[in-house]
Amino acid sequence: MKTLKDVAIGQTCTIVKLHGEGALKRRIMDMGLTKGTEVYVRKVAPLGDPVELTVRGYELSIRKGDAEMIEVE
């Protein structure tokens, strides 16, 4: 299983599945990270946290822990 955390800088991927439960999963979906959405990885901080993404035409930064819950292809 490849997660969003594993995607290299400059690559584009598609979200396959969101893991997690309840409010956490809802928060990720509210940010626009839903199944079938294309995500471009812009930057990753030196220690890996946070990860800066381009999603649906806007920039978004998420924590490494949240990125591990997003399965991509």
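Starting from 1, each residue takes its place in the sequence as its number.
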Step by step, would you call I15 with L33 a side chain to side chain contact (heavy atoms under 4.5 Å, CB included)? CA-CA 8 Å; I15 296 175; L33 298 170; 3.9 Å; yes
Would you say that V72 contacts T3 through its side chain, given a criterion of any heavy-atom pair below 4.5 Å between the two side chains? no
So how far is it from D30 CG to I28 CD1, rounded to the nearest 0.5 Å? 10.0 Å
Residue pairs, two or more places apart or on separate chains, that pass salt bridge (Lys or Arg N to Asp or Glu O under 4.0 Å) and touch residues 1-25: K5-E68
Is there a continuous path of hydrophobic side-chain contacts, each under 4.5 Å between heavy atoms, that joins V16 to L53? no
Which donor-acceptor pairs under 3.5 Å do the side chains of residues 37-46 make with protein atoms, sequence neighbours left out?
{"unit_1": "T37", "atom_1": "OG1", "unit_2": "T34", "atom_2": "O", "d": "2.9"}
{"unit_1": "T37", "atom_1": "OG1", "unit_2": "T34", "atom_2": "OG1", "d": "3.0"}
{"unit_1": "T37", "atom_1": "OG1", "unit_2": "R56", "atom_2": "NH2", "d": "3.0"}
{"unit_1": "R42", "atom_1": "NE", "unit_2": "E52", "atom_2": "OE2", "d": "3.0"}

Partner residues of R63 under the side-chain contact (heavy atoms from CB on, under 4.5 Å) criterion, sequence neighbours left out: R27, D49, D66
Taken to the nearest 0.5 Å, the spacing of L4 CG from E71 CD works out to 11.5 Å
Rounded to the nearest 0.5 Å, what separation is found between the CE atom of M29 and the CG atom of L24? 12.0 Å
